[in-house]
Amino acid sequence: MSVLHDKHILLGISGSIAAYKTPLIVRLLVKAGAAVQVVMTESAKTFVTPLTLSTVSNREVLSSFINEENENAVWNNHVDLGLWADAMLIAPASANTLSKMSQANADNLLIATYLSAKCPVFFAPAMDLDMHKHPANKSNIEKLIDNGNILIPATSGALASGLEGEGRMEEPEQIIAALETYFLEKSPFFEKKIVITAGPTYEPIDPVRFIGNHSSGKMGYALANCAAQLGANVTLISGPTAGNKTHPNVDVLGVTTAEEMLKACIDMYDGADAVIMSAAVADFKPSTKANQKLKKRDGLDVISLTPTTDILAHLGKKKKHQVLIGFALESENAMAHAQDKMIRKNLDAIVVNSLTDTGAGFGHDTNKITFLQRDKAPVNYSLKSKEEVAKDVLFHLKNIFDAQ
Ligand code: CTP
């Protein structure tokens, strides 16, 4: 999930040849999960059609104060637009639009919306090199920066005039990256250190056999990826799993046994802001591991088992500033058992799965959870993809961070 997911972005397009790149900006924003409302000037329409932009944004494009195409003419309320937006991006910002922005010359809907916007405003200038370096234009840009707007600087290269120099609008991918960086740095997860465990543990009987379980690790990987996309520094301590992909900002520590997982968790614990324990840690391990492969002819009537250390309970005892979230897989009296685990292991919250829910738990791509938090009413969720469940869990973690 991108940090732009669910964000409301106002895209103001002014008249510059670079406007031909704006459908790609809209596509990238929509792909990231943002809702995009395009507001364009009349002259922008000579470079890119409203039809193209309304198709890619899936919304009517606005350009005048009054929408007369509607049977009963309606007022395109720039104040409402300004309040709706989480960010406004003016790209391309022509010399004319920069001048109107800096003078508060609200003779079109784009400028009126800009003046009403309470959100951060990004602007990406685009014009010919001599216009760009003209002192009047430079001072407009400086004034806009002084007023708190965020400049996405023009780059150097071949210009539509045939000249070479500074004045090209930044590329759409870089513009999106600038927005993402801004929202990442504002994210409550920015620079938070989150340790997440995933998958099963394997407890060896001999060099080739083990006691394990069917955990696929999908839930833990979804949590790790989602937290990384929200700007967290994630360490994923993973038991043996196959086919799970990770976000580049997830640091994966592979482990096999419960003991190795315990050691990795202890190593990471002091520096962690939160630990989410979604691994299906084996509760028991063979009391001894045979050094050589056990021979069938020798028989094996029983495997003597010893309990593994309960990692969460161990972390709960040493808890200081860390937020501790566990998972509970229950087959009966789910809420009562989960509540008991939360208290017994000194957790802040526990994610409850019931084995009786179809499509939930081990191996599935979906999960159905109840989020149980100390002194709060349980929150029940419907069956969702594990990626969606990860967002729900991290929403609660964000609230816990906010309350700290
Ligand atoms: N857990 C752990 N270390 C273990 C066993 C479990 O850290 N040795 C963690 C799990 O990762 C999970 C939580 O404890 O977050 C609850 O696990 P669960 O298997 O539901 O409960 P148990 O405590 O093992 O109790 P029971 O098996 O009796 O339900």
Side-chain angles (χ1 to χ4, degrees), residues 195-224 234-246 250-270 272 275-319 324-332 337-338 340-341 344-347 350-351 353-355 360-365 367 386:
V195 174
I196 296 169
T197 65
T201 62
Y202 288 176
E203 309 304 325
I205 298 167
D206 69 11
V208 293
R209 303 178 180 97
F210 58 84
I211 295 173
N213 60 63
H214 290 298
S215 170
S216 62
K218 285 177 185 164
M219 191 64 248
Y221 277 74
L223 281 163
V234 181
T235 301
L236 178 66
I237 302 173
S238 176
T241 66
N244 290 307
K245 295 207 177 83
T246 49
V250 176
D251 197 10
V252 184
L253 295 181
V255 296
T256 305
T257 63
E259 207 167 308
E260 287 168 12
M261 189 170 274
L262 170 70
K263 186 178 177 313
C265 286
I266 291 173
D267 286 349
M268 302 308 301
Y269 197 45
D270 280 349
V275 178
I276 308 178
M277 195 81 200
S278 69
V281 188
D283 289 324
F284 297 95
K285 62 178 181 184
S287 306
T288 53
K289 177 193 162 193
N291 287 332
Q292 304 301 330
K293 187 181 170 205
L294 296 172
K295 300 308 278 177
K296 190 167 44 181
R297 64 169 176 266
D298 297 334
L300 183 66
D301 293 338
V302 285
I303 299 175
S304 151
L305 298 175
T306 314
T308 57
T309 305
D310 189 314
I311 302 172
L312 254 187
H314 181 84
L315 299 180
K317 276 192 200 122
K318 300 183 2 161
K319 186 161 133 59
L324 265 188
I325 300 181
F327 271 68
L329 182 61
E330 306 294 346
S331 60
E332 35 129 34
H337 281 140
D340 172 62
K341 277 178 201 174
R344 197 163 27 89
K345 301 190 189 196
N346 194 21
L347 311 180
I350 195 154
V351 181
N353 297 134
S354 171
L355 271 172
F362 280 4
H364 294 286
D365 289 329
N367 205 358
K386 286 187 172 168

With rounding to the nearest 0.5 angstrom, report the [atom1] to [atom2] distance, [X] to [Y].
X	Y	atom1	atom2	answer
M268	T197	CE	OG1	13.0 Å
L236	T241	CG	OG1	8.0 Å
D283	D310	CG	CG	7.5 Å

Quick one: do I237 and V195 satisfy side chain to side chain contact (heavy atoms under 4.5 Å, CB included)? Show the steps, please.
-> CA-CA 7 Å; I237 302 173; V195 174; 3.7 Å; yes

Quick check: does any side chain N or O of [X] sit under 3.5 Å from a backbone N or O of [Y], one acting as donor and the other as acceptor?
X	Y	value
T308	A282	yes
N353	F327	no
Y269	L315	yes
H314	L262	no

Which atom pair, heavy atoms only, marks the closest approach of [X] to [Y]?
X	Y	result
I205	P286	CG1-CG, 3.8 Å
E332	H337	O-ND1, 3.0 Å
M261	A198	CE-O, 3.8 Å
F210	G212	CD1-N, 3.7 Å
I350	A328	CD1-CB, 3.8 Å
G220	S278	CA-OG, 3.2 Å

Beyond-backbone contact of [X] with [Y], side-chain heavy atoms, under 4.5 angstrom:
X	Y	answer
I325	V351	yes
V234	I196	yes
L312	L347	yes
V255	T257	no

Distance-only donor-acceptor pairs under 3.5 Å for side chains of residues 290-303, two or more places apart:
none

Test log, rule side chain to side chain contact (heavy atoms under 4.5 Å, CB included), inputs K345 and L324 | CA-CA 9 Å; K345 301 190 189 196; L324 265 188; over 6 Å; no

Side-chain donor-acceptor contact under 3.5 Å, Y221 with S216 | no

Does a donor on one side chain sit under 3.5 Å from an acceptor on the other, for T306 and S287?
-> yes

Side chain to side chain contact (heavy atoms under 4.5 Å, CB included) between T288 and S304, worked out | CA-CA 8 Å; T288 53; S304 151; over 6 Å; no

Salt bridge (charged side-chain N to carboxylate O under 4.0 Å, His left out) partners for [X], two or more places apart:
X	answer
K289	none
D267	K263
E260	none
D270	K320

Pairwise salt bridge (charged side-chain N to carboxylate O under 4.0 Å, His left out) hits with a residue in residues 200-221, at least two apart = D206-R209, K218-D365

